[in-house]
Amino acid sequence: MANVVSEGAGVRRAGTMRVELALKSITAEPDSPERLHRVLEQALVFTDATLAAVYSPGDGGDPLCLRESAGVPLTLYGLRDSYAATGRSPVADAHRTRQAVWLSSQDLAESAGCRRMPAGDICLGALPLRGAGGGCLLVVGENPGGFDCEDRTCLELIADAVSCPGTAAAEGGGGELPANAFSLAVDTGRIEVGDEILGLFGLDRADFDGRVETLLRLTVPDDLPALMSVVEADHMSLGERELEFRVLQPAGPPRWLRLRGHFEPAADGRPARLTGTVADVSTVRPGVTDVARVQRLAAALATAGTVSDVSQAVVAALREPLQADRIALAELENDRLVVTVLDPPDPEAWPDLWRLEWRTEWPDAPVQAMPTLAAALREGRARIWPAGTALEPALAEVGPGGLAVLPLPADGRMTGCCLIGWDNPHDFGPDERALLTASAGLAGQALLRAHAFDAEHELVGMLQRALLPHRLPRLPGGVAVARYLPATQGLEVGGDWYDVIPLAEHHVALVIGDVQGHSADAATLMGQMRTALRAYAVEGLPPDVVVSHANRLLVDLETDLFVTCVYVDVDMEEGTAWCVRAGHLPPVLRHPGGGTEIAEVEGGLPLGVVAQTDFPMTPLRLRPGTLLALTTDGLVESADTDLDVGLNRLSRALAAADPAHLGPVADALLADAGRDDDVALLLMRYDGMAVRPLRESWTVWRVPEAVRHARRFTRRTLRQWGVREETDVILLVVSELVTNALVHTDGPVRLYLTLLGNRLRVAVADTSPRTPVKPTRIGWEATGGRGILLVEAMSAAWGTVPAGGGKQVWSDILLGG
């Protein structure tokens with residue numbers, strides 16, 4: 001036993017000596033702003049600590065502010081950037097009492113000053129710093145029993161090194177900057193840099209203007225988001241102050257640089273500053289550090305809107321640096337895991353049991369089917385199993401050379417998990433464990449936000465689709481397609497809409513519009529305007545009257561919103577159209593030869609601005625093969641694209657498109673949309689009617705012989721058209737419809753005959769809006785009501801449509817049937 005004790009003491013003494021040698025080497029180096037960070041890194045190397053941070057008093061002695069940290073982000077353990085020196089916290093207690101505070105996981109659970117820290121196997125140590133200023137070294141580990149005697153001895157040596165004058169000077173700065181150091185004033189963007197840094201950026205001292213933007217312009221654009229997360233003051237709550245980024249070179253690949261620094265808050269009229277060093281690491285380490293990877297993952301997740309975006313960002317951040325063979329990320333829905341991303345996506349790369357659950361695009365399976373995974377989710381801690389560990393087949397085949405399972409926590413629950421597997425035996429180092437732990441926390445929060453975003457965005461999309469036409473009608477002599485895309489920014493439903501309205505006599509109304517703003521009010525108003533325009537259009541009113549009526553309705557609604565729209569009434573028989581524009585974009589025409597033009601359409605005010613205003617009509621001529629495009633401004637205008645530029649770009653895209661297939665054309669036009677705003681697009685190709693109908697009409701005068709004159713007109717017209725079948729039936733229908741109009745209405749009556757193929761339509765228009773009512777029962781004593789029954793019996797179809805304040809009663813009769 002004595003030999004065992006002596007051997008253990010020797011091992012501990014050897015560990016302490018290694019710490020002393022490492023610290024002596026660091027403190028013997030010339031003063032530099034990164035010395036403090038390097039001292040803290042020794043806590044991660046020689047002890048079980050996963051985080052080490054230094055707090056020191058601010059100006060006036062309160063609060064205790066974070067000066068430097070190393071390891072995983074502070075937010076992972078619920079730690080803050082500052083603590084009140086008189087408050088109840090391990091940081092404040094160690095500073096006030098000048099005594100070390102050691103807390104195990106049980107002590108942390110019972111400590112009132114540690115309520116923000118997550119439950120679990122976490123231990124904490126706070127060691128006072130020597131010197132008049134005070135402060136403390138804070139360390140966090142993941143050993144449930146706390147730091148052992150060897151760890152405590154090493155941490156005391158590190159606390160002494162933090163307190164030494166050399167390191168304090170490196171932290172505080174002052175005087176002339178070292179060649180590899182910088183000092184950035186956050187409020188003005190003015191930066192002081194050493195000559196070595198200027199050389200790394202390829203700048204001369206005489207050419208440098210002292211602005212941080214000058215340096216940022218020389219970096220690789222893809223690295224800017226992560227770099228700005230360190231430079232901007234609003235992002236300095238994370239404990240990490242390290243990042244590797246690339247600088248463009250006049251020739252050859254970019255150069256890798258490593259930035260290390262810390263944030264000094266504003267005090268006593270002194271602006272907030274970011275100070276630190278920049279070093280060339282192109283030859284030392286061509287890849288990025290784990291801290292930099294966490295920062296890049298945080299920057300990527302900050303802009304990831306959907307669950308798929310989050311999953312792709314996590315996979316991109318982990319697979320290459322971990323050299324993993326496969327990664328799966330799954331959401332936890334009730335008691336099932338639903339996979340959102342598999343990398344590689346090939347099903348053959350995954351276990352046979354997974355492929356059995358391959359129901360749609362990705363597999364899903366109950367958590368109970370994998371007990372090991374279920375236990376990891378219950379514990380809420382990252383679990384790692386080396387090669388050869390006995391696991392259930394569904395997990396063992398994911399990582400035969402090693403498997404890591406990362407539960408993704410958020411708001412006190414598990415949102416999902418990430419599985420990382422290796423085929424060959426993999427050695428899990430402490431850096432990898434820290435990277436996995438930090439990544440899991442970030443991914444869990446982002447996945448929770450994305451899931452809420454997806455659910456709300458789907459709800460918004462369902463509402464928007466419910467307000468738009470479910471399908472477009474088939475057009476005589478033409479084809480129409482439409483597309484709608486909601487904006488990717490924000491979740492409020494938009495007010496863009498479109499409609500295709502079949503009208504009488506082979507006319508079609510094409511409508512597209514946009515309600516001001518994005519809100520439930522805009523969506524409601526959009527539905528009202530679409531319904532109103534459709535109702536006025538089917539009344540048979542001219543286009544300018546349709547839009548004018550909609551304008552007065554909108555004014556009467558007393559809303560603060562206005563509406564823009566374009567209304568085009570197309571005669572599919574003649575190829576002519578009348579266009580009315582109310583504050584909206586003009587139509588774009590693609591002619592059969594491929595040339596395009598932005599139609600010069602006279603415009604009126606948006607709807608809802610002035611009750612009494614004119615909406616002029618502009619004629620358009622459509623030849624067979626002409627493509628008519630109507631769109632909202634979301635397709636052609638954005639923050640960096642002017643309206644005229646966008647319209648010209650749309651014209652060029654239409655000129656290069658193949659109008660034979662409108663669906664791919666519409667999809668291609670939307671592919672380049674910026675999506676800052678909603679986009680509605682309506683395309684109509686005019687082909688012309690292969691067989692144009694024959695039409696004749698007759699004004700029925702209110703004279704005793706009116707019905708006989710109408711029958712004579714009908715017989716003469718049928719003879720001219722060569723119609724000999726069903727003549728008696730047609731004359732009977734004409735007699736009944738004309739008689740009903742003369743007897744039951746006042747005002748003018750007009751008879752219309754239309755022949756298309758083997759279908760003849762008889763229509764009688766009058767000024768009464770009352771629809772004929774078919775009697776349900778007729779007795780022997782009844783004196784009327786049989787006419788409509790006769791019309792119904794003789795017709796293939798019949799009905800009524802409103803027409804200019806009155807109605808039109810029509811009957812279709814099949815010839816030769």
Side-chain angles (χ1 to χ4, degrees), residues 457-473 475 480-488 490-503 508-538 543 546-551 553-555 557 559-570 579-588 601 603-609 615 628-637 650 662 666 669-670 673 675-684:
H457 207 266
E458 178 61 23
L459 180 62
V460 168
M462 291 174 58
L463 174 60
Q464 187 76 53
R465 289 190 292 271
L467 294 173
L468 294 173
H470 292 176
R471 65 180 62 87
L472 299 185
L475 304 183
V481 300
R483 296 289 188 270
Y484 171 80
L485 289 178
T488 55
L491 296 175
E492 293 185 327
V493 66
D496 293 16
W497 92 92
Y498 59 85
D499 207 351
V500 178
I501 310 169
L503 303 176
V508 175
L510 307 175
V511 190
I512 198 162
D514 187 2
V515 180
Q516 173 195 9
H518 293 77
S519 64
D521 290 340
T524 302
L525 190 59
M526 178 266 281
Q528 292 172 318
M529 284 294 97
R530 176 177 168 247
T531 302
L533 284 165
R534 174 173 280 266
Y536 295 138
V538 299
V546 170
V547 177
S548 180
H549 282 8
N551 175 61
L553 173 65
L554 182 56
V555 172
L557 291 177
T559 177
D560 294 331
L561 304 177
F562 63 82
V563 177
T564 66
C565 78
V566 168
Y567 182 100
V568 183
D569 185 329
V570 182
C579 180
V580 176
R581 186 164 68 95
H584 201 82
L585 305 178
V588 180
V601 178
L605 293 174
L607 306 183
V609 177
F615 295 96
L628 176 68
L630 304 176
T631 185
T632 55
D633 55 4
L635 180 62
V636 296
E637 187 178 30
L650 174 61
L662 291 189
L669 293 176
L670 294 183
R675 304 294 300 282
D676 296 331
D677 195 2
D678 292 11
V679 177
L681 175 66
L682 178 59
L683 302 178
M684 194 276 287

**Student:** Heavy atoms only: give me the nearest Q516-L561 pair and the separation to one decimal.
**Tutor:**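 Looks like OE1-CA, 3.5 Å.
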**Student:** Regarding Y484 and D678, is there a side-chain donor-to-acceptor distance under 3.5 Å anywhere?
**Tutor:** yes
**Student:** In Å, rounded to the nearest 0.5 Å, how long is the span from CG of L472 to CG of D499?
**Tutor:**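 Nearest 0.5 Å value for the CG-CG distance: 8.0 Å.
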**Student:** Report the distance from atom CE of M529 to atom OG1 of T559, rounding to the nearest 0.5 Å.
**Tutor:**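 So the gap between those two atoms works out to 9.5 Å.
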**Student:** State which residue, out of D514, L682, L533, fulfils the side-chain contact (heavy atoms from CB on, under 4.5 Å) condition with W497.
**Tutor:** L533
**Student:** To the nearest 0.5 angstrom, please state how far the CZ atom of F615 sits from the CG atom of L607.
**Tutor:** 5.0 Å
**Student:** Could you grab the distance from atom CG of L669 to atom CG of L662, nearest 0.5 Å is fine?
**Tutor:** 10.0 Å
**Student:** If I take atom CZ from residue R530 and atom CD1 from residue I512, how far apart are they, to the nearest 0.5 angstrom?
**Tutor:** 12.5 Å
**Student:** Does V566 reach the side chain of L585, with side-chain heavy atoms less than 4.5 Å apart?
**Tutor:**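 A side-chain contact under 4.5 Å is absent here.
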**Student:** Judged by atom type as modelled, is there a donor-acceptor pair below 3.5 Å linking the side chain of D569 to the main-chain atoms of P543?
**Tutor:**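 Judged by distance alone, no pair lies under 3.5 Å.
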**Student:** Check whether the side chains of T632 and D496 place a donor and an acceptor atom closer than 3.5 Å, and report yes or no.
**Tutor:**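 Yes, D496 and T632 have a side-chain donor paired with an acceptor closer than 3.5 Å.
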**Student:** Answer yes or no: is there a donor N or O on one side and an acceptor on the other, between the side chain of H584 and the main chain of T631, under 3.5 Å?
**Tutor:**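 Side chain of H584 to backbone of T631: a pair is present.
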**Student:** Quick check: do Y498 and P469 have side-chain heavy atoms less than 4.5 Å from each other?
**Tutor:**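 Counting from C-beta outward, Y498 and P469 do come under 4.5 Å.
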**Student:** Between R581 (side chain) and V601 (backbone), is there a donor-acceptor pair under 3.5 Å?
**Tutor:** yes
**Student:** Please report the interatomic distance CD1(I501) to CG(L503), rounded to the nearest 0.5 Å.
**Tutor:** 6.5 Å
